[in-house]
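Note sheet for the following structure.
So that the names make sense, note that chain A is the first sequence line, chain B the second, and so on, each numbered from 1.
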2 protein chains.
Amino acid sequence: MSELNYCYKYPHPAVTADCVIFGFDGVSIKVLLIKRGIEPYKGKWAFPGGFMKIDETAEECAKRELAEETGLTNAIVEQFYTFTDVNRDPRERVVTIAHYALVRLAEVKGGDDAEVAQWFAQSQIPSLAFDHDRILRMALNCLKERICFEPIGFELLPEVFTMTELQNLYEAILEVKFDRRNFYNKMLKLGILTEAEPRPENASRRTPTKYRFNASKYAELKQKGFRLEF
Amino acid sequence: MSELNYCYKYPHPAVTADCVIFGFDGVSIKVLLIKRGIEPYKGKWAFPGGFMKIDETAEECAKRELAEETGLTNAIVEQFYTFTDVNRDPRERVVTIAHYALVRLAEVKGGDDAEVAQWFAQSQIPSLAFDHDRILRMALNCLKERICFEPIGFELLPEVFTMTELQNLYEAILEVKFDRRNFYNKMLKLGILTEAEPRPENASRRTPTKYRFNASKYAELKQKGFRLEF
DNA sequence: CTTTTTTGTGTAATTTTTACGCAATATTAA
DNA sequence: TTAATATTGCGTAAAAATTACACAAAAAAG
């Protein structure tokens, strides 16, 4: 018996936090989707998300969802838009505060259930439940804008990475191609990359230099306000 | 007797839409504030805003508030962040979807009551009710970012304006100074300005050229994706 | 064993940005 | 009334950034 114990003078919408979880496999951007097990939209894919508890913030809620779905606890989670269409959920009026999270694929342990949660390459994403198609579009746009101001890409790459991997990431997010040498020069000139380990003597031409994100240099740059132009 | 007629199985937060209303008087950015007449924070200044009705979107709610406070009905209103701190309102759990609006000061008829609503220059804004100080900081930041991608400034200026007025607006929002001649060149090269009227023959050097925003040129540019660098 | 791909390092040409100069004439101050 | 100051339009030379490529070594692929 569902008792209706929480009563208000005026109608209140329900509030949820949804989380678009982005990963990167070295070549393309992936998104983690959940197959819905219950109505509405049973059997359709959707973003992880759920009702915000009365004593948690939206970000805490999104992080909780993220932890439940991927086991990750310290990823970047950021709110990007709140969707308020009146009929976006057939059950009741639901306002959702949409977030995106950037996670390293390698650190994601299988998830709860491979049947239920699955990574999709951008090009293979099916039509989604609720207004999640629209949410995805906005999340991707947001990612594009954000990567020009903050090196969020480092959240998506492993600790140590090659310049080519970094370039692939930028190309995947921005959906453009860069000249390899120009990209290389621009990134190095920014000064936020450090060589992960001294290049071995015997390193051949084909062995790529490994880089690591230089957090302190980045913090310095960010304060001055920088912008990546592409 | 306040009857509690709206009941739910789980607690629901209240949802409000607040609206940071920006205006520009030719020299500096102004913000419209309301003096609160009731508790909590009675007597403190705050942004216009109110509870979202169950059959309106957040943006509709913000536009309704804007119309009530300024009489304007077709201004740009855009959501920029949702504030969800658990104790941001002492009465009950309230989530607010914050918007900003850009209005032409000249078109704002006095408002309801000069005693209650008042324009404040940025430097004279008092400490605000609730978490509105934080909301203002984020709104100003958002404005700074937005003006580099979209000529939102035109919403703040009169139909017809001089290059100096436009420069003042950019300087006020971005809090920097530009070289007058470089600003002039950069703006003209963008091609989104049209001379409002052919310069009269007898126009003296000191009579500034009047410009008007060229909407079609702008739409074209926007599609290609442009960015104002400053 | 030949061909293709990948990586590091440049560099010259072009474009963009920056920092000013100058003349004409309103406006303000004396 | 007159002198000083401020505002506007139009340039331009120097500096900086971006773009478009070249080349060689060696691993990987066929």
Side-chain angles (χ1 to χ4, degrees), chain A residues 25-28 147-149 151 157-158 160-172 174-212 221 224-230, chain B residues 25-28 147-149 157-158 160-172 174-212 214 221 224-230:
Chain A
D25 65 1
V27 178
S28 62
I147 205 176
C148 290
F149 293 88
L157 289 169
V160 163
F161 50 87
T162 69
M163 191 63 83
T164 303
E165 288 171 322
L166 185 60
Q167 180 174 351
N168 286 343
L169 175 62
Y170 272 82
E171 291 182 341
L174 296 172
E175 297 181 282
V176 289
K177 288 286 175 190
F178 301 116
D179 179 273
R180 179 178 60 86
R181 296 149 292 187
N182 291 339
F183 183 88
Y184 187 98
N185 289 330
K186 188 172 287 186
M187 273 297 163
L188 285 187
K189 201 168 51 180
L190 273 177
I192 54 180
L193 296 182
T194 316
E195 289 197 12
E197 49 208 88
R199 231 183 133 62
E201 304 276 316
N202 57 337
S204 70
R205 273 287 169 86
R206 281 277 305 249
T207 310
T209 309
K210 300 274 194 176
Y211 295 94
R212 165 192 311 278
L221 250 190
K224 281 193 284 181
F226 81 108
R227 180 178 298 177
L228 286 170
E229 279 293 340
F230 290 108
Chain B
D25 65 1
V27 178
S28 62
I147 205 176
C148 291
F149 293 89
L157 289 169
V160 164
F161 49 87
T162 69
M163 191 63 83
T164 303
E165 288 171 322
L166 184 60
Q167 181 174 349
N168 286 343
L169 175 62
Y170 272 81
E171 291 182 341
L174 295 172
E175 298 181 282
V176 289
K177 288 285 176 191
F178 301 115
D179 179 90
R180 177 179 60 86
R181 294 150 293 188
N182 291 339
F183 183 88
Y184 185 99
N185 289 330
K186 188 172 289 188
M187 273 297 163
L188 285 188
K189 201 167 51 181
L190 274 178
I192 53 179
L193 296 182
T194 315
E195 290 197 11
E197 49 207 87
R199 231 181 134 63
E201 303 277 318
N202 58 336
S204 72
R205 272 287 169 86
R206 281 280 303 252
T207 309
T209 309
K210 300 274 194 175
Y211 295 95
R212 166 193 311 280
N214 182 334
L221 251 190
K224 282 193 285 181
F226 81 109
R227 180 178 299 177
L228 286 169
E229 278 292 339
F230 290 106

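You'll find the side chain of B/Lys210 stays beyond 4.5 Å of the side chain of B/Phe161, heavy atoms only. In this structure, B/Thr164 and B/Pro208 have side chains that are not in contact, with every pair of non-hydrogen atoms separated by 4.5 Å or more.
When all heavy atoms are compared, the tightest approach of B/Met187 to B/Leu193 is CB-CD1, 4.1 Å. The two residues B/Asp179 and B/Asn182 make their nearest non-hydrogen contact at OD2-N, 3.0 Å. Shortest non-hydrogen contact noted between A/Ala172 and A/Ser28 is CB-CA, 4.3 Å.
When the side-chain nitrogen and oxygen atoms of A/Thr164 are compared with OP1 and OP2 of C/dT6, none of them lie within a distance under 4.0 Å. Not one side-chain nitrogen or oxygen of A/Thr207 sits closer than 4.0 Å to the OP1 or OP2 atom of C/dT7. The phosphate of D/dC10 (OP1 or OP2) has a side-chain N or O of B/Tyr184 nearer than 4.0 angstrom. Side-chain nitrogen and oxygen atoms of A/Thr209 include none within less than 4.0 Å of the OP1 or OP2 phosphate oxygen of C/dT7.
Straight-line distance from the NZ atom of B/Lys177 to the P atom of C/dA19: 16 Å, rounded to whole Å. Atom pair A/Glu165:CD and C/dT6:C1' shows a separation of 13 Å (rounding to whole Å applied). Per the geometry, CG belonging to A/Asn185 stands 12 Å off C1' belonging to D/dA17, to the nearest Å. Look at CG on A/Asp179: it is 14 Å from P on C/dT7, rounded to the nearest Å. When rounded to the nearest whole Å, the span between CZ of B/Phe178 and C1' of C/dT16 equals 16 Å. Rounded to a whole Å, the CZ atom of A/Phe183 is 20 Å from the P atom of C/dG10. The distance between atom OH of B/Tyr211 and atom C1' of D/dG9, rounded to the nearest whole Å, is 9 Å. Between B/Lys210 atom NZ and D/dG9 atom P the separation is 11 Å, expressed in whole Å.
Recorded end-axis angle for the helix from C/dC1-D/dG30 to C/dA30-D/dT1 stands at 30°, based on five pairs per end and rounded to 10 degrees.
Nearest-nucleotide positions on DNA chain C place A/Leu188 closer to the 5' end than the other of B/Asn182 and A/Leu188.
Checked against a 6.0 Å centroid threshold, the rings of B/Phe183 and B/Tyr170 count as neighbours.
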Between protein and nucleic acid, restricted to nucleotides 22-26 of chain D and to nitrogen or oxygen atoms under 3.5 Å apart, what atom pairs and distances do you find?
| from | atom 1 | to | atom 2 | distance (Å) |
| --- | --- | --- | --- | --- |
| D/dA22 | N7 | A/Arg181 | NH1 | 2.6 |
| D/dA22 | N6 | A/Arg181 | NE | 3.4 |
| D/dA22 | N6 | A/Arg181 | NH1 | 2.7 |
| D/dA24 | N3 | A/Arg205 | NH1 | 3.0 |

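Of the inter-residue distances, the one linking B/Asn168 atom CG with B/Thr162 atom OG1 reads 7.5 Å to the nearest 0.5 angstrom. For the atom pair CG of B/Leu169 and CG of B/Leu174, the computed distance is 8.5 Å after rounding to the nearest 0.5 Å.
Each of C/dT18, C/dG8, D/dT8 was ranked by its minimum atom distance to the side chain of A/Pro208; first place goes to C/dG8.
For A/Gln167 (side chain) and A/Tyr184 (main-chain N/O), no donor-acceptor pair under 3.5 Å exists by modelled atom type.
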